[in-house]
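The chains referred to below are lettered A, B, ... by the order of the sequence lines, with proteins before strands, and numbering in each begins at 1.
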There are 2 protein chains.
Amino acid sequence: MKNVTIKDVAKYADVSPSTVSRVISNSPSISPETQQRVREAMKKLGYHPNVIARSLVKQKTNTIGLVLSRPTKAAFANPFFPGIIQGIASVAQEEHFSLVLAAAKDYREEHAEALKMLRNRRVDGIILMASRVNDDLIKQLQDNRSKFILIGRSLEIKDIPLVNNDNIEAAYKAVKYLHKRGYEKVALICGPEEYVVSQDRLTGYKKALEEAGQGFDKSLVMYTNFTFEDGYDATKKLMAKKDFDAIFAVDDLLALGALRAAQDSGLKVPDDMGIVGFNDDPMVSYVKPALTTVRIPIVEMGEKAARMLIRIITEEDYNGEEQIIPTEILPRGSTR
Amino acid sequence: MKNVTIKDVAKYADVSPSTVSRVISNSPSISPETQQRVREAMKKLGYHPNVIARSLVKQKTNTIGLVLSRPTKAAFANPFFPGIIQGIASVAQEEHFSLVLAAAKDYREEHAEALKMLRNRRVDGIILMASRVNDDLIKQLQDNRSKFILIGRSLEIKDIPLVNNDNIEAAYKAVKYLHKRGYEKVALICGPEEYVVSQDRLTGYKKALEEAGQGFDKSLVMYTNFTFEDGYDATKKLMAKKDFDAIFAVDDLLALGALRAAQDSGLKVPDDMGIVGFNDDPMVSYVKPALTTVRIPIVEMGEKAARMLIRIITEEDYNGEEQIIPTEILPRGSTR
DNA sequence: TTGTACGCGTTATCAG
DNA sequence: CTGATAACGCGTACAA
């Protein structure tokens, strides 16, 4: 079955191809009768516009790109990834954009894939998950005048379009919440030290301590990866050398590890030890005790990012902005 | 900055555009010197091929599509979705294909989006997550001679390319495993009755009972959705009217609900009640007791599906096949 | 080994 | 209101 093109429709409706094109684009200057005839011909022949050809002449693909690297996934942990995609995909569909996804094994590859999509003109713009400081890429994108937006934030470069949850505020609120619930000494199980998110959360943690009139005690902070075991070990190590009565872990899996370590040491949660996690993984409300955690509106972040990128692409004079998404503490059984 | 095209390179290297094109496609009949000159020109001018233009002339996009509808996601539950995408995306990249993702709110929309991608020639083929019987779509795709592959299986239509985990076998093995561990009466918390996966799992369950010389007792089966609460309620209801000492739940969240219900009723898991879940959500090895569960190699399924679709697209005389992926039981603390 | 000419399916410009 | 015509960037017969 041959592809039916605009020409076939034109022939069938006895008009010129341009007229058919006009009908497709709802051009006003077209007589109702021919309009009618053309539409019938399209239906009759089963015509569907070829978006590739259209892209070629319009120099627009109506497509946005998203690169996912495995480290990114690890960094943002479980629930982040599907939520972001869902948010982006639904907005894309709403705005009649396509979404192309590229996988990358590491940051070098992520970098390369992002540039490739743009340079090959496969996409009009891209969304970057900036879990780590990848400022080279950002600079290159800026130099090329490429359209892009960050989810997360760059450490050094300012004034670029991004949507981020406020990690400083989130950590601040979590620690503050623990204080309010009567816990006095809060330990922090942070992510990898080099991550922007880790640094931000540390900042928030410090701020809360300061406000409570407490000095910052470096030995109450552990840098780890995001596994259960990391959380367990970190907690054990902390308990070996320090006294404290609460833990803020920057990931739910870490928090679960901390919970287990505390319990294994004979501590009662939440009475002897309060624990707050991060991300609100669907599972953690069903463990015992249910985990108090910080929820970030992930889907919404994806939506905002997509919406903003599409505005950047379509509106000549809009260059994006910084959108900070507030987080929320969900009190559950792991804090009193 | 204007787009640098093949013509610019040609002019710079003082050859014809077709020569440049030949260099790009590594045509053998090209002298080393001009080859060299052209490559330098490309580098010098920063040339990158325009995939859109290439697609138009080749009538191939080198792109595969994936439609996700929200019900699909719910049906396949948590870990399925990101794993499948990861598998597909990594193979796509490996094979130099792009992946475009479309979101859909319901099955009607999923249907529409799938056809749209194909008809607009945005993609060369699509991957369908067939959690429910959507045979119309499949028939239409067949009629259009579209390239596609299913993840999961169609209930009625046979001989279509698909990759599936063997749900019959998986359920059979789970129940068999419980029997071997000394449990005698196994209840089944199934998914929604109309899902193909639910039906398959029921079949496997029955098969295991039969082999154990037990009759099938309809009142030991509950049809539910996939939430924690569903699992909890189903278990409570079952316990109200029947005696049994083990539960096979077709989703980890369901199993967690069952676990809680059993514990709330004063039963000891795994001694008084054995529980087996499904999916191996990363979280469930960290609850207490850790959940015995059936693992399906999700990423691998995505990879196989992508690889097969790409073969279908690229190899003239290959039309796909059925690939059944074996599952695996992970014994943990919720069974003795 | 290389160049010329045409076509892929559309849209945009300019006449009429 | 409509129709030629020329792009968009590339691949490929056909010639040379």
K.L.:
Applying side chain to side chain donor-acceptor pair (under 3.5 Å), which residue pairs with at least one partner in residues 117-127 of chain B are found, sequence neighbours left out?
P.N.:
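Residue pairs with at least one partner in residues 117-127 of chain B: A:N3-B:R121, A:H48-B:R119, A:S98-B:R122, B:T61-B:D124.
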K.L.:
Can you list everything that forms a side chain to side chain donor-acceptor pair (under 3.5 Å) with B:R307? Sequence neighbours excluded, please.
P.N.:
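For B:R307 the side chain to side chain donor-acceptor pair (under 3.5 Å) partners, ignoring immediate neighbours, are B:E94.
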K.L.:
Ignoring hydrogens and angles, tell me if any N or O in the side chain of A:S55 forms a donor-acceptor pair with the backbone of A:V51 under 3.5 Å.
P.N.:
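Present.
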K.L.:
Reading nucleotides 9-16 of chain C from the 5' end, what letters show protein touch, with B for base, S for backbone sugar-phosphate only, - for no heavy atom under 4.0 Å?
P.N.:
BBBBBB--
K.L.:
State the CD1-CE distance between B:I24 and B:M42, to the nearest 0.5 angstrom.
P.N.:
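Output value for this atom pair is 6.0 Å.
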K.L.:
Name the nucleic acid region contacted by B:S29, choosing base, sugar-phosphate or nothing; use a 4.0 angstrom heavy-atom cut-off, strictly under.
P.N.:
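Base: the residue B:S29, judged by heavy atoms under 4.0 Å, touches a nucleobase.
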K.L.:
Salt bridge check: are A:R37 and A:E40 linked by an N-O gap of less than 4.0 Å?
P.N.:
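No, A:R37 and A:E40 are not salt-bridged.
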K.L.:
How sharply is the helix from C:dT1-D:dA16 to C:dG16-D:dC1 bent, taking the axes over five pairs at either end and rounding to 10 degrees?
P.N.:
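Overall, the helix from C:dT1-D:dA16 to C:dG16-D:dC1 bends by 40° from one end axis to the other.
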K.L.:
With respect to A:L66, which candidate in A:L309, A:L101, A:V100 satisfies the side-chain contact (heavy atoms from CB on, under 4.5 Å) definition?
P.N.:
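It is A:L101, the one option of A:L309, A:L101, A:V100 that forms the side-chain contact (heavy atoms from CB on, under 4.5 Å) with A:L66.
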K.L.:
Residues from residues 30-38 of chain A sitting under 4.0 Å of DNA chain C, heavy atoms only?
P.N.:
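By residue number: none to list.
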K.L.:
Roughly how far apart are A:H111 NE2 and A:D136 CG, rounded to 0.5 Å?
P.N.:
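Rounded to the nearest 0.5 Å, the NE2-CG separation comes out at 6.0 Å.
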K.L.:
Please give, in whole Å, the distance from D:dG3 P to A:K11 NZ?
P.N.:
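Rounding to the nearest Å, NZ of A:K11 and P of D:dG3 are 14 Å apart.
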K.L.:
Distance from B:I149 atom CD1 to B:I160 atom CD1, nearest 0.5 Å?
P.N.:
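Output value for this atom pair is 10.0 Å.
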K.L.:
For A:K7, which residues count as a side-chain contact (heavy atoms from CB on, under 4.5 Å) partner, sequence neighbours excluded?
P.N.:
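Partners of A:K7 by the side-chain contact (heavy atoms from CB on, under 4.5 Å) criterion, ordered by chain and then number, come out as A:T5, A:P17.
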K.L.:
Whether the side chain of A:N164 engages the backbone of A:D166 through a donor-acceptor N/O pair (distance < 3.5 Å, no angle test) should be reported.
P.N.:
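Side chain of A:N164 to backbone of A:D166: no pair is present.
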K.L.:
Could you state the CG-P distance from B:D8 to D:dG9, rounded to the nearest angstrom?
P.N.:
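For the pair B:D8 CG and D:dG9 P, the rounded distance is 9 Å.
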